[in-house]
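Basis for what follows: all heavy atoms, side chains included, without hydrogens, waters or symmetry-related copies. Each chain gets a letter, A, B and so on, in the order the sequences are listed, and its residues count up from 1.
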Number of protein chains: 2
Amino acid sequence: MTRGEARSGGSAAPRGVDVARLAGVSQKTVSRVFNGEQYVSAEVRRRVLQAAETLGYRLNNAARALASGRTRSIGVVALGTALYGPASLLIGIERAARDAGYALRVVNTLEGDPGGVAGAVESLLEQGVDGIVVSEPIDEGGVSLSIDVPVLVLGAPASFAGPRAVATGVGAESLARAATEHLLDLGHMTVHHIAGPQRWFAARDRLAGWRAALTARGRDQPPVIEGDWSAASGYAAGLELASGGDVTAVFAANDDMAIGLIRALTDAGLRVPGDVSVVGFDDIPVAAYVTPQLTTVRQPFDAVAQDGLRLLVQSIEKPDVELPPANDPPVDLVVRCSTAPPPRRQAQGRGRRQTASRSRGGAHAPPDADESPSVR
Amino acid sequence: MTRGEARSGGSAAPRGVDVARLAGVSQKTVSRVFNGEQYVSAEVRRRVLQAAETLGYRLNNAARALASGRTRSIGVVALGTALYGPASLLIGIERAARDAGYALRVVNTLEGDPGGVAGAVESLLEQGVDGIVVSEPIDEGGVSLSIDVPVLVLGAPASFAGPRAVATGVGAESLARAATEHLLDLGHMTVHHIAGPQRWFAARDRLAGWRAALTARGRDQPPVIEGDWSAASGYAAGLELASGGDVTAVFAANDDMAIGLIRALTDAGLRVPGDVSVVGFDDIPVAAYVTPQLTTVRQPFDAVAQDGLRLLVQSIEKPDVELPPANDPPVDLVVRCSTAPPPRRQAQGRGRRQTASRSRGGAHAPPDADESPSVR
DNA sequence: TTGAAAGCGCTAACAG
DNA sequence: CTGTTAGCGCTTTCAA
């Protein structure tokens, strides 16, 4: 059965020529109209659009891609977890891609799977994407991807994905540093850290930020406890810390672990923030409503995604122009009620500016109604 | 510049003919090998694979789609929120699609946007997907989609997406019913409900389940308070309920609202579960670690996604075969510490089987280490 | 078991 | 401003 027969039969999708015929123009003109090219008279454009409308015409992207060598789509390699951070980032990426006129193809890697990223990239390449974003990957060891499209790496070193890759940080290190400094500013002698799994670059960055803050002030670096992002692991870490005895401040690498930690501390008879102060990371939706309301830092997912995609799209569309450096994402520390000056000495920490907004969380006040009690 | 020149230049991607030439076969044979067709001798297959390997050959999907009329990809219309439920469902869909050999194209709709789903579907169709899944949509009023590919609607009536659509429930109604019944079984005379935004089908289903449970036992239906899924709205609802005075049990349509609610109740001087019992919905990761540990119900995202995709793939590949009915998803009630018998009368609720596992949440025991203290 | 020929519906390059 | 002519790299017949 040839296409012509199908047409008279009536059920197949209309093509550009069909529209052209109806509008009394050439197929190329139809193409021009649908690509928003200039040099089409208003009258012709109207006729074409009209004809397309009556026929229910729709551009065929496969044909377009084949002819032009471009798909106007971006592939993303994600981790496939419902963790707040990665999920939020994916949403930001989708929106930024759509705004830039690109469709999104998503492949998740299973966390256990070695070489998962490489496989995912391969399948994306086969699908013919114009660019790839690797979102908050974990370190799988010597990955060497020979990719012939631009790659944006979010939250990991560019070297991760080969020479032609661009990278954008998600600001994790400076956020971690701010979180730690907040605790130090409150008068704590040092800050413990419950880290995320160190295979994640995201976890390493947070650790690095914590370390940097401590180093900058010449403070001790207590041993790090490594969790797995889960509240359960935070709980386990909390039990360990509680038995240690000399802990007054903890920075947890995400809010879930912070919440588990707080529960363990509380179960062990310690008060938060009376005895121990805790800062989380992410500002998950319930952070303002758990007890005590969680002091945390917030990642600028939308800004990061938008910025990164701008870079990626540029290196797709104008490969020769030098890329502008990515903006430094803003630091957003949200001070609530899980942090306070340490119990005994150094009570002079009290009253500093950083602690001012703590007073908003009074027992009967709706927590955080305005959603932005940020400092810095 | 013709393709031949590019080849000798050396940089362009190798095509099927190039592989064919090197392997000394026809291009069609290469195609046969890469499609796993039969009737290729082992020897020839080996040679082709070998040649492809040395050339770094990769199938061109655009060409394939153009020639065959199929893309082996599925489009999903999602809501673009980082809410635990929708995010988890998307992950389940991705995995199920990948397992079935389909790539995924994702488009999010902005919540405010009227006709958002229709627009998203349109863009997916233009991209040439073989099937579409609409994931937990909100009701945008009279949507009439004239879609010429199979559609799977997850968590909404099939009618939502036109005559040819398949639908799979996510079990929300029976879960809501189970949650409500749990409270009733504990001895509460009735159960209040904090609903999700009623434009969401998901929210309506939960409300329906709650109503069904109450009706079945001939209990009063207290007025419903409608939240917006956020902890803040749960908090507001809690304040309202606390001022009412006669509340002993509340079922919240998601965990975030339940947590906000509990905070409001606590702030108002009520004890949970001493004075008021609360059940949530979702079992978000921190549910087992907040205070009190949250009793909640868990949605079977993976099962639902897998089941739904099986249906979708079948109606893509075998449009004529009658679809088997979708399985009823399992009901998974997770009883923790936010529920108990009501304060005064009806103390005989105590000791029933449903409450047995509550004892696990003793003050110093790690909450829920095994992750599955489910009942029913 | 293999191959040859003919498109799929569009864009690119070049004329008018 | 508009049209013509070639493909893009596959899959689909139909033969051999």
Side-chain angles (χ1 to χ4, degrees), chain A residues 1-7 12-48 51-52 55-73 125-128 130, chain B residues 1-7 12-48 51-52 55-73 125-128 130:
Chain A
M1 159 183 98
T2 71
R3 210 40 180 33
E5 288 163 4
R7 290 240 68 249
R15 302 156 297 163
V17 271
D18 301 324
V19 175
R21 199 144 36 218
L22 183 56
V25 297
S26 77
Q27 190 272 323
K28 174 64 218 184
T29 298
V30 173
S31 170
R32 284 209 177 87
V33 170
F34 276 86
N35 286 301
E37 285 173 36
Q38 52 184 350
Y39 300 136
V40 189
S41 72
E43 162 56 11
V44 169
R45 162 169 283 117
R46 199 195 52 68
R47 261 176 24 228
V48 168
L55 255 28
Y57 172 70
R58 191 179 284 137
L59 253 170
N60 178 327
N61 247 281
R64 213 230 276 256
L66 180 57
S68 69
R70 301 201 24 207
T71 56
R72 292 202 72 80
S73 74
L125 254 20
E126 204 165 279
Q127 286 179 61
D130 293 342
Chain B
M1 157 183 98
T2 73
R3 210 40 181 31
E5 290 163 0
R7 289 239 67 251
R15 301 156 300 162
V17 270
D18 301 323
V19 175
R21 199 147 33 220
L22 182 57
V25 298
S26 77
Q27 189 272 323
K28 172 67 219 182
T29 299
V30 174
S31 170
R32 283 207 179 88
V33 170
F34 276 87
N35 286 301
E37 285 173 34
Q38 52 186 346
Y39 299 135
V40 189
S41 72
E43 162 57 10
V44 169
R45 165 169 281 117
R46 199 194 52 68
R47 258 174 28 226
V48 168
L55 254 29
Y57 173 69
R58 191 179 285 138
L59 255 169
N60 179 326
N61 247 282
R64 214 228 279 252
L66 179 58
S68 69
R70 297 199 31 206
T71 56
R72 292 203 72 82
S73 73
L125 253 20
E126 206 164 276
Q127 287 180 60
D130 294 342

d(CG, B:Asn60; P, D:dG9) in whole Å: 7 Å

Nearest-nucleotide check on DNA chain D, A:Lys28 vs B:Lys28; residue mapping nearer the 5' end is A:Lys28

Between D:dA6 atom C1' and A:Leu66 atom CG, what is the distance in whole Å? 13 Å

Pairwise distance CD(A:Glu126) to CZ(B:Arg64) - rounded to 0.5 angstrom: 7.0 Å

When all nucleic acid strands are considered with a 4.0 Å heavy-atom cut-off, which category describes A:Val44: base, sugar-phosphate, or nothing? sugar-phosphate

Mind checking if B:Asn35 touches a base, just sugar-phosphate, or nothing, with heavy atoms under 4.0 Å? sugar-phosphate

Nucleotide D:dA15, atom P - distance to OH of B:Tyr39 in whole Å: 19 Å

Of B:Ser26 and B:Ala67, the one whose nearest nucleotide on DNA chain C sits closer to the 5' end is B:Ser26

Looking at D:dT2, I'd like to know if its phosphate oxygens (OP1 or OP2) sit under 4.0 Å from a side-chain N or O belonging to A:Thr29. no

For the CD atom of B:Gln127 and the CG atom of A:Leu59, what is their distance to the nearest 0.5 Å? 12.0 Å

Measure the distance from CZ on B:Arg32 to P on C:dT1 and round it to the nearest whole Å. 11 Å

Rounding to a whole Å, what distance do you find between B:Arg64:CZ and D:dC8:P? 19 Å

Can you measure from CZ (A:Phe34) to CZ (A:Arg58) and round to the nearest 0.5 angstrom? 11.0 Å

Among D:dT11, D:dG3, C:dC10, the nucleotide that comes nearest once only the side chain of A:Leu59 is considered: C:dC10

Starting at CZ of A:Arg15 and ending at C1' of C:dG7, how long is that distance when rounded to a whole Å? 11 Å

Would you say the side-chain atoms of B:Arg32 pair up with the backbone N or O of B:Glu37, donor to acceptor, closer than 3.5 Å? no

Regarding the side chain of B:Ser68, the nearest nucleotide among C:dG9, D:dG3, D:dT11 is D:dT11

Measure the distance from OH on A:Tyr57 to C1' on C:dG9 and round it to the nearest whole Å. 7 Å

Taking atom C1' of D:dT12 as reference, at what distance in whole Å does atom CD of B:Gln27 sit? 11 Å

Option passing side-chain contact (heavy atoms from CB on, under 4.5 Å) with A:Val30 (candidates A:Val17, A:Val44, A:Val48): A:Val48

Of the options D:dT11, C:dC10, C:dA4, whose atoms approach the side-chain atoms of B:Ser31 most closely? D:dT11

